[in-house]
Amino acid sequence: MEEMTHNELLAIRRQKLNAIREANIDPYGARFETTGTPGLIRAEFVEGLKVRTAGRITAHRNMGKSHFIDLSDISGRIQVYINSKEIGPDAAAIFDHLDIGDFIGVDGETFTTKTGEPSIKATTFTVLSKSLRPLPDKWHGVQDTEIKYRQRYLDLIANPESLEIFKKRIAIVREIRRFLEDRAFIEVETPMMQSIPGGAAAQPFETHHNALGVDLFLRIAPELYLKRLLVGGFNKVFELNRNFRNEGISRRHNPEFTMLEAYWAYADFEQMASLVEEMVCHVAEKICGSLLIEHRNTDGNVVKTIDLSRPWRRTSYSDLIRGVAPNWYEFTIDQRREWCAEHKIDVTHCHEDFELTQHVFEKLVEEKTMNPLFVTHCPKELVPLAKLNSSNPSVVDVYELVINGQEISPGYSELNDPDLQRERLEHQSGGETQKLDEEFLTALEYGMPPAGGIGIGIDRLVMMLTGAESIRDVILFPQMRPKATQH
RNA sequence: GGGUUGGUAGCUCAAUGGUAGAGCAGCGCCCUUUUAAGGCGUUGGUUGCGGGUUCGAGUCCCGCCCAACCCA
């Protein structure tokens, strides 16, 4: 608690805190009603208006008897003009004990300075919270990634571009909900703690319920519960919430991530593809104002432009493989390995033939695809929960949407034949398999309507739409190794 | 898990193996329309942690911790 009181900067702030208390003022304030946020007052600026606002002091320009401070919150900032004569000597003495970082409330009248800055001339101010630690550099912000992620609040205060990404994320999620609700999809919540983690092939987090005396798993997908709702009569349903996968952490993976899943009874994967296409374009136009999404580097130069213009390409998996390896499907497995070696694709960890093909797909198609591409009719081994194609039963009626070199969204014609579903789950091959959820199969036996389903990785969608290079830049509090506790 | 790079003042960054520095913030003084305000002065460091080599280590070597990137 009283760590580092020897630090001069912290000690000075505590002295100021005490000085405020000695003047019989509570440095931690109370209820304070405003006529608007700093950003709102600035955005809807009218001169000569009595206003009341509150925010954090983020800049201080001291002119001797007059001071200019910036008051900020996520809405933006407004300049406040503080004149000793105007506020009186007692208040001026308190003002001397304020710092950048403190929260204050201000009463005053709006005016425009001679440099044209919309401002508030303060008549009084109220101390709302004393900040005991100095804020990061106002000009360079927080560069240290560790501080950005562990102490996101500092990143949000000091780095406007970070705040901008999170504002966009919030708007994207809101637009997606609106889009689906406008089309009569109903949002539901299904269990995050499951006794059989189904709906995907991934390592789950394990936990334990004391009263029931059973082990439970954090869900890796909501799919099997949403399908139970199709059985129960919901015909347009979605869930937009967190999944958990106990796997590696990388630029593109966080252990908990946000997924949209939506199911539409009597539809198929082609209709789901159109729905997703329409939805992503709707969101892009609303939030980015364009279907051309520019990704910039730290210098602000455009390094990549993603073109979301419709219609989006739809191409079968096998055609895409032939596009990069024309004779692939005529090759023997040994020839395929040889081909991979020639093209410097490491497939030593691939055992099954379809895994080999999938690896070629990931390296030569997925990673190189920037504009939207619906990859249709994937090998059935990759997708045990989808309907087989009626004319080619080695593939399934699905799409995988690839944008920005990443898988953004899968969509299926959902498998609703309970016997076939059992067989497909029991005869999975390859390294990753899904668990068998008997209660889900029982539900299917009661009858599930044919349906289309989609999943959309919200974090990756936000990365694509904001140009964020790392998933940590679109998750407010990304997973970090806990810091060793000090003692 | 493996490889690469990095960790220096509150923040952003410097410093051939040879006295640890700058800008901003802070503190003091001047200034009643500034906006990265300005001017003058000034404080602030167990260089991530622990060992080692050396007359001498922020710098070289070993181990550990944390992070970023790449690979699995």
Side-chain angles (χ1 to χ4, degrees), chain A residues 3-16 19 38 42 47 57-72 76-87 89 92 95-102 108-122 131-151 153-155 157-160 203 247-254 297-298 344-351 355 359 362-363 367 431 468-473 478-487:
Chain A
E3 58 172 78
M4 305 205 298
T5 38
H6 58 272
N7 184 306
E8 192 193 347
L9 293 172
L10 303 187
I12 289 168
R13 291 209 172 203
R14 290 208 176 256
Q15 282 166 19
K16 292 177 177 175
R42 196 169 196 276
E47 213 162 322
I57 300 173
T58 51
H60 179 200
R61 295 173 288 279
N62 183 353
M63 306 288 299
K65 289 195 178 60
S66 59
H67 303 255
F68 293 91
I69 59 175
D70 286 348
L71 230 49
S72 307
R77 56 164 271 270
I78 185 84
Q79 174 169 275
V80 177
Y81 175 66
I82 305 239
N83 184 304
S84 336
K85 214 170 176 182
E86 197 82 32
I87 60 170
F95 185 80
D96 286 341
H97 298 129
L98 295 184
D99 285 298
I100 289 174
D102 295 351
E109 192 174 310
T110 54
F111 76 109
T112 307
T113 65
K114 67 181 178 193
T115 54
E117 179 74 21
S119 308
I120 301 170
K121 184 178 287 181
S131 167
L132 297 176
R133 292 174 182 266
L135 251 34
D137 187 286
K138 63 180 172 186
W139 187 242
H140 300 96
V142 178
Q143 297 302 317
D144 186 328
T145 49
E146 205 172 338
I147 298 176
K148 273 168 70 82
Y149 301 148
R150 287 191 199 274
Q151 295 177 278
Y153 48 92
L154 295 178
D155 182 41
I157 293 166
N159 298 345
Q203 286 299 311
E247 294 175 350
I249 293 179
S250 77
R251 214 162 52 85
R252 299 174 174 200
H253 299 86
N254 195 62
N297 61 14
T298 45
K344 303 212 183 329
I345 296 169
D346 178 17
V347 288
T348 46
H349 61 283
C350 299
H351 305 294
E355 289 178 300
H359 199 66
E362 284 170 8
K363 288 288 160 195
E367 286 182 13
E469 291 284 321
S470 168
I471 196 167
R472 295 180 201 98
D473 294 326
Q479 197 63 51
M480 301 287 277
R481 185 181 290 278
K483 276 217 153 175
T485 47
Q486 297 171 7
H487 36 93

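Chain identifiers are assigned alphabetically (A, B, ...) following the order of the sequence lines, protein sequences preceding nucleic acid strands; residue numbering begins at 1 within each chain.
- Taking atom P on both nucleotides, B:G39 is separated from B:C24 by 8 Å, rounded to a whole Å.
- Of the nucleotides present, B:G28 is the one that pairs with B:C40 by Watson-Crick or G-U wobble criteria, both distances under 3.5 Å.
- Here the nucleotide nearest the side chain of A:Lys114, chosen from B:U12, B:G10, B:U33, is B:U33.
- Set against B:U35, B:U12, B:A68, the side chain of A:Arg472 has B:A68 as its closest nucleotide.
- Here the C1' atom of nucleotide B:G26 and the NZ atom of A:Lys138 are 12 Å apart, to the nearest Å.
- Counting heavy atoms from C-beta outward, A:Arg77 and A:Arg42 have side chains that approach closer than 4.5 Å.
- When the P atom is used for both B:A68 and B:U12, the distance is 15 Å, rounded to whole Å.
- Residue A:Arg77 is in base contact, counting any heavy-atom pair closer than 4.0 Å across all strands shown.
- When the P atom of B:U5 is taken as reference, atom CZ of A:Arg251 falls 20 Å away, rounded to whole Å.
- Here B:C64 sits opposite B:G48 as a Watson-Crick or G-U wobble pair (both hydrogen-bonding atom distances under 3.5 Å).
- Of the candidates B:A25, B:U32, B:U35, the closest approach to any side-chain atom of A:Lys65 belongs to B:U32.
- In this structure the side chain of A:His359 reaches within 4.5 angstrom of the side chain of A:Ile345, judged on heavy atoms.
- Nucleotides B:C65 and B:C31 place their C1' atoms 50 Å apart, quoted to the nearest Å.
- In this structure, the nucleotide among B:U34, B:U32, B:A25 sitting nearest to the side chain of A:Lys85 is B:U32.
- Atom name P, nucleotides B:G21 and B:C61: the rounded distance is 25 Å, in whole Å.
- With RNA chain B read from its 5' end, the first of the two nearest nucleotides for A:Gly64 and A:Pro136 is the one closest to A:Pro136.
- Look at the C1' atom in both B:A15 and B:G58: the space between them is 9 Å, to the nearest Å.
- Looking only at side-chain heavy atoms (C-beta outward), A:Ile471 and A:Arg252 stay at 4.5 Å or farther from each other.
- Looking at A:Ile69, A:Leu71, A:Thr113 one by one, the single match for side chain to side chain contact (heavy atoms under 4.5 Å, CB included) with A:Gln79 turns out to be A:Thr113.
- Computed from coordinates, the A:Asn62 CG to B:U35 P distance equals 13 Å when rounded to whole Å.
- Comparing B:U47 with B:U59, their P atoms are spaced 10 Å from each other, to the whole Å.
- On a pure distance criterion of 3.5 Å, no polar donor-acceptor pair joins the side chain of A:Glu117 and the base of B:U34.
- The side chain of A:Thr145 approaches B:A68 more closely than any other nucleotide in the set B:A68, B:U34, B:C66.
- B:C13 and B:G6 are spaced 14 Å apart, taking the C1' atom of each and rounding to whole Å.
- Nucleic acid contact class of A:Lys16 (heavy atoms, under 4.0 Å, all strands): sugar-phosphate only.
- Taking atom CZ on A:Arg61 and atom P on B:C24, their separation rounds to 16 Å, with Å as the unit.
- A 3.5 Å limit on both hydrogen-bonding distances identifies no Watson-Crick or G-U partner for B:U54.
- With hydrogens and angles ignored, a donor-acceptor pair under 3.5 angstrom links the side chain of A:Thr113 to the base of B:U34.
- Within 4.0 Å (heavy atoms only), A:Gln143 reaches sugar-phosphate atoms of the nucleic acid but no base atom.
- Searching all strands for a Watson-Crick or G-U wobble partner of B:G1 with both distances below 3.5 Å returns B:C71.
- Nearest nucleotide to the side chain of A:Leu9, out of B:C66, B:A25, B:C27: B:A25.
- A donor-acceptor pair is defined here as one N or O able to donate and one able to accept, closer than 3.5 Å; no such pair exists between the side chain of A:Asp99 and the backbone of A:Gly101.
- For the OP1/OP2 pair of B:A67 and a distance below 4.0 Å, the side-chain nitrogens and oxygens of A:Arg150 include at least one atom meeting the criterion.
- Put simply, A:Arg133 has no side-chain N or O that comes within less than 4.0 Å of OP1 or OP2 on B:G10.
- For B:G23, the base has a donor-acceptor partner in the side chain of A:Asp137 [N/O atoms by modelled type, under 3.5 angstrom].
- A donor-acceptor contact under 3.5 angstrom links the side-chain atoms of A:Tyr81 to the base of B:U32.
- B:U5 and B:U54 are spaced 27 Å apart, taking the C1' atom of each and rounding to whole Å.
- Look at B:U33: it lacks any Watson-Crick or wobble partner with both distances under 3.5 angstrom.
- Note: CE (A:Met63) to P (B:G38) measures 11 Å, nearest angstrom.
- Here B:U32 presents its P atom at 15 Å from CD1 of A:Ile87, a figure rounded to the nearest Å.
- Between A:Ile147 and A:Arg13, it is A:Ile147 whose nearest contact on RNA chain B lies nearer the 5' terminus.
- Side-chain atoms of A:Asp346 lie closest to B:A72 of the nucleotides B:A72, B:U34, B:U12.
- Look at CD on A:Glu146: it is 11 Å from P on B:U12, rounded to the nearest Å.
- Taking a pair to require two hydrogen-bonding distances under 3.5 Å in either a Watson-Crick or a G-U wobble arrangement, B:C13 pairs with B:G21.
- Rounded to whole Å, the distance from NE2 on A:His140 to P on B:C13 is 7 Å.
- Residues A:Arg61 and A:Asp70 meet the side-chain proximity criterion, which asks for heavy atoms closer than 4.5 Å.
- Side chains of A:Lys121 and A:Glu86 form a contact here, defined as non-hydrogen atoms less than 4.5 Å apart.
- Between A:Arg14 and A:Leu10 there is no side-chain heavy-atom pair separated by less than 4.5 Å.
- Among the heavy atoms of the strands, none lies under 4.0 Å from A:Gly248.
- For the pair A:Lys363/A:Asp346, no side-chain contact is recorded, criterion being any heavy-atom separation below 4.5 Å from C-beta on.
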